[in-house]
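Atoms considered below: every heavy atom in the structure, side chains included; atoms not considered: hydrogens, waters and symmetry mates. So you know, we letter chains A, B, ... as the sequences are listed, proteins then strands, and number each from 1.
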Protein chains: 2
Amino acid sequence: MARSTRPGITDVARLAGVSLSTVSRAMNGNPTVDPALAERVKAAAAELGYTANPVARSLVLGRTQTVSVVIPDLANPTFQAILRGLSRAAAADGYHVLISDTAEQVGEEGALATTMRRRTDGVVLCAPRLAREELAALLPTVAPAVVINRPPQADVPTVAADYGAAMSRLIEHLHGLGHRRIAYLSGVVASASGAARKAAITAATADHDGLEIIEIPAGVDFDSGGAAIDAVVDSDVTAALAFNDLVAMGLLSAATARGIRVPDDLSITGFDDIPFAAYTTPPLTTAAVPASELGRRAWAAMHALLTGTEPPASDVLTPELIIRDSTGPAVR
Amino acid sequence: MARSTRPGITDVARLAGVSLSTVSRAMNGNPTVDPALAERVKAAAAELGYTANPVARSLVLGRTQTVSVVIPDLANPTFQAILRGLSRAAAADGYHVLISDTAEQVGEEGALATTMRRRTDGVVLCAPRLAREELAALLPTVAPAVVINRPPQADVPTVAADYGAAMSRLIEHLHGLGHRRIAYLSGVVASASGAARKAAITAATADHDGLEIIEIPAGVDFDSGGAAIDAVVDSDVTAALAFNDLVAMGLLSAATARGIRVPDDLSITGFDDIPFAAYTTPPLTTAAVPASELGRRAWAAMHALLTGTEPPASDVLTPELIIRDSTGPAVR
DNA sequence: CTGTTAGCGCATTCAA
DNA sequence: TTGAATGCGCTAACAG
């Protein structure tokens, strides 16, 4: 029967008639080896189907050519897009990605990141609800790290979307359409982006006399949007700012089911511009968070950290306002 | 300044006043260690914040506690769900997941799987378009492996949804509504699930006199569904079977934009039951492929392989027919 | 029950 | 330019 164990560097050395250090050097393209010899070694390696054991290399080199990514919820389209952008960018640079969906163990982000960090060269953290202090305490222990969608931190590259600016644009859009009494379906209040949205709301009501924004607690998914329909109706508003597209879609669906016309009776805005936001009925007005671009940039920052390139600064992207048909002039 | 290098097993040994092996044994819960001593060791480890270097362990143990997952396209909701189900199940068993989105390098699945396999304990392969022979040649080289959504292979656990059975149900549903001339928007013909769908169509037309199913080449995404509207209209059918929900949604959207009423003028079915299929207007009739369950089961199979449990057989799930409002009685 | 010794597979000093 | 020796950090024989 054939060999059951993979060929090692020793096998190649023997076949090529050289020492294992020469094999190592040849395989790594070290220029201090005689070209002819290098060829011979490579031929031997090819013949044996030899490839250096990455685990052994990792041990001696101290790097794994892999980064960890911790994501709060793989079911969320935005996080999926971040992961996708990051994953592809990392692959293009020859890096692998170890993922972790923390959905189950909320609050375990710290321990998880620490665990993952040990098998990888760095960690990209997407942890919107991790407490500020915990994050601050965690970061130094897992460096190099890059953080997504959190306020800039000292010594840690951050890539984020400007949720506050986007929320302001959404509000301006609604205000421009004549809406003066607006509902805000808040999602995770404790999240960084949630705080940014809230701040934008406060600023907007301060800026515009007569503008009222009523906060209605809701969740972050489709169902919570639907569940909020009663509260929205009762609040007697002409428009609703949903925490995200999922919530907006739930609200839109529930409103339609109730015979409330959107945007004639009620304008609705989303947030994120997930893939299906353009295909609801009516299509959703929203703020386009460039999620996969965030992932790409997070990788760029990590790659810089890993290669010792210039210390990447914090990188913030402003979501674009996407006006579709779920918003229209205020009626009342 | 503080120590810049992590504590090693030697540091713990010194602090606890024991040998390396005792530390190793104590940390691994080896019962042949005096309980009191074990406590002392653990205390020392805790004091130093020591944790065994996973890379070194991997090298000596020959296992990484990690599995690779290769996914064709992270932008596809079905694959996302598979990954999510798998990832969470693996995490529950203390395993990590290395992912690879092969989108960019189609056809590179083999090389990629091989590369990833070397840093992990096994690979879960989701490669619908990989040629049968290539797959067969690849599998033995990356074992242990489990394959998702492909016909059962010898010696390799397979978990798959029965696309053929689901397609049959969809057709029966349409036939029962009186549809006799139906369009089929084919996606990736070369894929395993594509072949299964096609076979179901052939069987159905053979079973039912007067039933015609016209194949219209299309893609696998939203846009390709929309692009097929002309062909569908020209084909003079009363119903259309879309390759998947994305295509169905694109077609639905284009149809609606053209003033074609669904399901009054045209019935449309999807496939997969992605999260948004229930929220289109009208909601989509489709076949629910239990994607995250597939991921979960793929993990179960892999875990069995890894732990030497009973050889997992091939596991096939039949998608449930979900009748919503995009299908109705045939008019003509 | 505990310590000593030998590798896991490779990259890299150091000599030659 | 090449080879021999050393060690990355840890586990697992093997003695004691």
Side-chain angles (χ1 to χ4, degrees), chain A residues 3-46 48-66 114-115 117-121, chain B residues 3-45 48-66 94 114-115 117-121:
Chain A
R3 50 150 231 286
S4 59
T5 170
R6 292 191 60 94
I9 195 170
T10 312
D11 302 300
V12 180
R14 187 164 31 220
L15 179 59
V18 296
S19 75
L20 67 182
S21 11
T22 298
V23 175
S24 175
R25 287 190 274 249
M27 295 304 288
N28 292 314
N30 188 317
T32 74
V33 314
D34 182 90
L37 235 195
E39 264 328 299
R40 189 144 57 89
V41 170
K42 287 180 184 168
L48 264 39
Y50 168 81
T51 297
N53 179 325
V55 177
R57 298 194 86 224
S58 293
L59 180 60
V60 56
L61 258 16
R63 53 188 168 71
T64 60
Q65 215 66 345
T66 304
T114 303
T115 301
R117 171 63 178 87
R118 299 223 54 192
R119 359 187 123 250
T120 58
D121 301 340
Chain B
R3 52 149 229 288
S4 58
T5 171
R6 292 191 59 94
I9 194 171
T10 312
D11 302 300
V12 179
R14 185 163 34 219
L15 179 59
V18 297
S19 75
L20 304 192
S21 19
T22 297
V23 175
S24 175
R25 285 191 277 250
M27 295 305 288
N28 292 314
N30 188 317
T32 76
V33 168
D34 181 90
L37 235 194
E39 264 327 298
R40 189 145 57 92
V41 170
K42 286 179 183 168
L48 264 38
Y50 169 80
T51 297
N53 180 326
V55 177
R57 298 195 83 221
S58 294
L59 181 59
V60 57
L61 294 181
R63 52 188 167 72
T64 60
Q65 218 57 356
T66 305
T114 303
T115 301
R117 171 63 179 85
R118 300 224 51 194
R119 357 188 125 250
T120 59
D121 301 340

Checklist line | Residue whose nearest DNA chain D nucleotide is more 5′ - A:T32 or A:L20 | finding: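 It is A:T32, whose closest nucleotide lies nearer the 5' terminus.
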Compile the donor-acceptor pairs under 3.5 Å between side chains in residues 55-63 of chain A and protein atoms, sequence neighbours left out, one pair per line.
residue, atom, partner, partner atom, Å
A:R57, NH2, A:N28, OD1, 3.0
A:S58, OG, A:P54, O, 2.8
A:S58, OG, A:R63, O, 3.3

As an exercise, state the distance from CG of B:L20 to CG of B:D11, rounded to the nearest 0.5 Å.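 It comes to 10.0 Å.
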Practice task
Output the distance between atom OG (A:S19) and atom CD1 (A:I9), rounded to the nearest 0.5 Å.
Solution key: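 Rounded to the nearest 0.5 Å, the OG-CD1 separation comes to 8.5 Å.
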Does some side-chain heavy atom of A:E39 sit less than 4.5 Å from a side-chain heavy atom of A:P35?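 When only atoms from C-beta onward are counted, A:E39 and A:P35 do not touch, as no gap falls below 4.5 Å.
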For the pair made of [atom1] in [X] and [atom2] in [N], what is the distance, rounded to whole Å?
X: A:R119; N: D:dG9; atom1: CZ; atom2: P; answer: 16 Å
X: B:I9; N: D:dC8; atom1: CD1; atom2: C1'; answer: 14 Å
X: A:L61; N: D:dG7; atom1: CG; atom2: P; answer: 18 Å

For DNA chain D, which residues in residues 21-31 of chain A have a heavy atom at a distance below 4.0 Å?
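Within residues 21-31 of chain A, the residues near DNA chain D are A:S21, A:T22, A:R25.
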D:dC10 phosphate, OP1 or OP2, under 4.0 Å from B:R57 side-chain N/O
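So the side-chain polar atoms of B:R57 never come under 4.0 Å of the phosphate oxygens OP1 or OP2 of D:dC10.
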How is [X] classified with respect to the nucleic acid when contacts are heavy atoms under 4.0 Å: base, sugar-phosphate, or nothing?
X: A:V60; answer: base
X: B:V33; answer: sugar-phosphate
X: B:L59; answer: base
X: B:V55; answer: nothing

Test side chain to side chain donor-acceptor pair (under 3.5 Å) applied to A:T66 - qualifying residues, sequence neighbours left out: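 For A:T66, no residue satisfies side chain to side chain donor-acceptor pair (under 3.5 Å) once neighbours in sequence are set aside.
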If you compare all heavy atoms of [X] against all heavy atoms of [Y], which two are closest, and at what distance to 0.1 Å?
X: B:A44; Y: B:A16; result: CB-CB, 3.9 Å
X: A:A26; Y: A:A38; result: CB-CA, 4.1 Å
X: B:L37; Y: B:T22; result: CD1-CG2, 4.1 Å
X: B:A45; Y: B:V12; result: N-CG1, 3.9 Å

Between B:R14 and B:G17 (side chain of the first, backbone of the second, donor and acceptor by atom type, cut-off under 3.5 Å), is there such a pair?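 Answer holds: no.
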ask   = Can you name the residues that form a side chain to side chain contact (heavy atoms under 4.5 Å, CB included) with A:T51, not counting sequence neighbours?
value =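 Applying side chain to side chain contact (heavy atoms under 4.5 Å, CB included) to A:T51 gives A:R6, B:R118.
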Based on the rotation axes of five pairs at each end, what angle does the helix from C:dC1-D:dG16 to C:dA16-D:dT1 bend through, to 10°?
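Taking five pairs per end, the axes differ by 40°.
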**Study point:** Earlier contact from the 5' end, DNA chain C, for B:G17 and A:Y50
**Key:**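 That would be B:G17.
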- Could you tell me from which nucleotide to which nucleotide of DNA chain C, 5' to 3', there is an atom under 4.0 Å from chain B heavy atoms?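 That gives a stretch of C:dC1 to C:dG9.
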